[in-house]
Amino acid sequence: MAPKREKEAIPVVELDSDDDNGAGVGAPNQNNNASSTGAPPQATPQPQQQPLAPNCQTLDSRSFWKAGDYAVGPTARPYISQGQLEHARVHPKFLHSNATSHKWAFGAIAELLDNAVDEVQNGATFVRVDKIDVVKDNSPALLFQDDGGGMDPEGMRKCMSLGYSTKKANTTIGQYGNGFKTSTMRLGADVIVFSRAIHAGKATQSVGLLSYTFLRRTGQDDVIVPMIDFDISGNWVEPITYGSQDDWTSNLKTILEWSPFASKEDLMLQFEEIGAHGTRIVIYNLWLNDEGIYELSFDDDDEDIRLRDEAAGGKSTKVQQKIQSHISYRMRYSLRAYASILYLRTFTNFKIVLRGKPIQQYHIKDDLKYLEVKTYRPQITTLNEVIVETTIGFIKEAPDLGVTGFNLYHKNRLIRPFWKVTADGSSKGNGVVGILEANFIEPAHDKQDFERSSLFFRLETRLKQMVNEYWKTNCHFVGYQPIGARNLQKDQTFKPSVGVTPKDMHLDQTMAGLSANVLQNDSRTKSSEVVTSADNREPMSVDEICEENIQLFMRCEAQVQKETELRQTIENLEKELEMAKRKSAQLASYLETKRKQKIMKQPTETRFTGLLHLSSGYNLKNA
């Protein structure tokens, strides 16, 4: 899109600051009449391999989990004009507490990727995730940019509002209207958003600043979000004012003072990066870990973003190296690995570009062997029956790696990766991995787990049953002994024919018995301990008991469901019977009314003639 020419220069009014000492991005200069750059002192280089944050911190604590630990002072009661209702305010501390729903930083990044994926329906073809350098203090910032439909001024305000969402389609991932706020505040203290859009034939561009630093340092007791808008439909870039020109200028001044961009020209250059339409998000003042180092690592891999505290360090054994090379482990610390399995279906005309290199989508089922597809029909009250297909199989490294679990997706988005449903300490299920899309249950707000509902617990029970069924018929393919095989070997080996004594047993029979005993011991070590019953019945392993419990639970669930259905049927029949009785009474009343009306409508002569005939007959009889 060709750059727009400005109609006129807008004067920037200098605003005094109550802060005497400035520090970091967004901190005002000590001299209020400083030059337009407003750049704070440069960070002192640290003689360490890991990049440290600048010494001049903008908040009392740059660690995310400590940034909300501060006392809230008394708040001034806002002036309420006569006849106006007082509205509930949101304190800036809520921005931090709201963001704590994201325990994992990659979960916050996934929320922003979801927003870009939802823009596919508006023509988005890519989302770019990268690291950029802030000129003011040489600190790193996190960039997200897409070429979707963008946001007009109204859309920008809805984006910055809490709990407002227009995403109600079955294809969109976002639904709560809270993801942008929680995710950006989880990754950094401040975020600035640029967006260009063309709606109803009008082209606009908007800037919005959500700054926890600004709110904290200026002592705000309400969440204030400075925003400015431009009309770019014509040949000139014209500011859109909703109040006075001074209000617009004040918002611009606040944005320049607390954002990474020192001048209005720098802001305008960000729109040229977007193009005709799209959104550009810059998250800065990134959070630190407990050691004072940036939580996100940009230096370990030039084509990746990693979580510093999750990456394995030091020497490891060969087995540990195999485990650490698997996707189930790498996704914990590598954004490239996590994003590769984040979406179930392959994008046709959309790509995620991480630090200049597109991410290749990884399909877990492509690396499974002995595949089976099992179906599950959740018991939900909908008009159409829901059938969920689950792909299950062994990982290609089985039995060397004990990776196991189900990967649960919701609306194409990975919610719970490698969820282990089998009991700890048991080898049953080792190497068994499944994939399914569970759209019939609702994800939690951070989209890293599901709401604990009855549907969720029934699904968990069914997945346990799937593992048991699959293990029974396929575990021997990877070297495990099927459950119950040792009892069969015991029966075949240690029960000699009738009339044969131990002395008469041949050497090969003795060796067969010894071999069976060894296999039995081996199966105990591979499976679990054997539980002997008190009434001299055949011993049962813990796995067999668990399987039996699952079967009993499923039968119990089926009986409960059947009882519920029968009760519902009885209620429906009673209602139908009551309605039939009412209809019968109404019909009887109707017939009685009709009969009386028919009698009343008979001609008078007919009734009189009938009386004469009766009278004549009476007289003749008397004569």
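Side chains are part of it too, since the values below use all heavy atoms of this structure and drop only hydrogens, waters and symmetry mates. By convention here, the first residue in the shown sequence is residue 1.
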Any Lys/Arg nitrogen of [X] or [Y] sitting under 4.0 Å from an Asp/Glu carboxylate oxygen of the other?
{"X": "Arg308", "Y": "Glu295", "answer": "no"}
{"X": "Glu469", "Y": "Lys464", "answer": "no"}
{"X": "Asp133", "Y": "Lys131", "answer": "yes"}
{"X": "Asp300", "Y": "Arg306", "answer": "no"}
{"X": "Asp118", "Y": "Lys411", "answer": "no"}
{"X": "Lys447", "Y": "Glu111", "answer": "yes"}
{"X": "Glu437", "Y": "Arg413", "answer": "no"}
{"X": "Arg355", "Y": "Asp302", "answer": "no"}
{"X": "Glu372", "Y": "Lys374", "answer": "yes"}

Using 0.5 Å steps for rounding, measure from the [atom1] atom of [X] to the [atom2] atom of [Y].
{"X": "Ser259", "Y": "Leu267", "atom1": "OG", "atom2": "CG", "value": "5.5 Å"}
{"X": "Asn115", "Y": "Ile281", "atom1": "CG", "atom2": "CD1", "value": "7.0 Å"}
{"X": "Tyr409", "Y": "Ile415", "atom1": "OH", "atom2": "CD1", "value": "10.0 Å"}
{"X": "Ile323", "Y": "Leu401", "atom1": "CD1", "atom2": "CG", "value": "6.0 Å"}
{"X": "His410", "Y": "Leu436", "atom1": "NE2", "atom2": "CG", "value": "11.5 Å"}
{"X": "Glu273", "Y": "Leu269", "atom1": "CD", "atom2": "CG", "value": "8.0 Å"}

CA sep, side-chain torsions, deciding dist, call: Leu210, Val223, side-chain contact (heavy atoms from CB on, under 4.5 Å): CA-CA 9 Å; Leu210 182 61; Val223 176; 4.2 Å; yes
Which atom names give the shortest non-hydrogen contact between [X] and [Y], and what distance separates them?
{"X": "Ser183", "Y": "Leu112", "result": "OG-CD2, 3.4 Å"}
{"X": "Thr213", "Y": "Ala189", "result": "OG1-CB, 3.7 Å"}
{"X": "Pro417", "Y": "Asn407", "result": "CA-OD1, 3.5 Å"}
{"X": "Ala105", "Y": "Leu307", "result": "CB-CD2, 3.7 Å"}
{"X": "Val478", "Y": "Pro399", "result": "O-CG, 3.1 Å"}
{"X": "Ser195", "Y": "Met151", "result": "OG-N, 2.7 Å"}

Candidate pair Ile293 and Leu288, rule side-chain contact (heavy atoms from CB on, under 4.5 Å), full reasoning: CA-CA 5 Å; Ile293 305 173; Leu288 315 179; over 6 Å; no
Using a 4.5 Å cut-off on heavy atoms from C-beta on, say whether the side chain of [Y] contacts that of [X].
{"X": "Phe450", "Y": "Leu459", "value": "no"}
{"X": "Thr125", "Y": "Lys351", "value": "no"}
{"X": "Thr375", "Y": "Val388", "value": "no"}

Chi angles and distances behind the salt bridge (charged side-chain N to carboxylate O under 4.0 Å, His left out) call for Glu385, Arg377: CA-CA 8 Å; Glu385 183 181 20; Arg377 290 176 171 82; 2.9 Å; yes
Under 3.5 Å, is there a donor-acceptor pair between the side chain of [X] and the main chain of [Y]?
{"X": "Asp304", "Y": "Arg336", "result": "yes"}
{"X": "Gln361", "Y": "Leu344", "result": "no"}
{"X": "Asp147", "Y": "Ala124", "result": "no"}
{"X": "Thr461", "Y": "Phe457", "result": "yes"}
{"X": "Arg458", "Y": "Pro378", "result": "no"}
{"X": "Thr404", "Y": "Gly429", "result": "yes"}
{"X": "Asn412", "Y": "Arg345", "result": "yes"}

Full working for side-chain contact (heavy atoms from CB on, under 4.5 Å) between Leu113 and Val129: CA-CA 9 Å; Leu113 294 178; Val129 185; 3.7 Å; yes
Gln321, CD atom: more than 12 neighbouring heavy atoms under 6.0 Å: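 Atom CD in Gln321 is packed in, count exceeds 12.
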Stepwise ring-ring contact (aromatic ring centres under 6.0 Å, His included) check, Phe394 with Tyr470: CA-CA 10 Å; Phe394 280 106; Tyr470 182 82; 5.3 Å; yes
side-chain contact (heavy atoms from CB on, under 4.5 Å) evaluation trace for Phe406 with Val467: CA-CA 10 Å; Phe406 287 89; Val467 173; 3.5 Å; yes
Phe126/Phe347 under ring-ring contact (aromatic ring centres under 6.0 Å, His included): CA gap, chis, key distance, verdict: CA-CA 10 Å; Phe126 74 89; Phe347 297 119; over 10 Å; no
Can you confirm if the aromatic rings of [Y] and [X] lie within a centre distance of less than 6.0 Å?
{"X": "Tyr338", "Y": "Trp104", "answer": "yes"}
{"X": "Phe350", "Y": "Tyr343", "answer": "no"}
{"X": "Trp471", "Y": "Tyr480", "answer": "yes"}

Plane angle bin for Phe271 and Phe230 - parallel if under 30°, tilted between 30 and 60°, otherwise perpendicular: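 Rings of Phe230 and Phe271: perpendicular, as their planes differ by over 60°.
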Parallel, tilted or perpendicular, as decided by the 30° and 60° cut-offs, for the rings of Trp419 and Phe456: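 Rings of Phe456 and Trp419: parallel, under 30°.
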Evaluation steps, salt bridge (charged side-chain N to carboxylate O under 4.0 Å, His left out), between Lys369 and Glu397: CA-CA 10 Å; Lys369 54 187 179 181; Glu397 297 89 353; over 6 Å; no
Partners meeting side chain to side chain contact (heavy atoms under 4.5 Å, CB included) with Ile224 (sequence neighbours left out):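 Side chain to side chain contact (heavy atoms under 4.5 Å, CB included) check on Ile224 returns Phe214, Leu215, Gln220.
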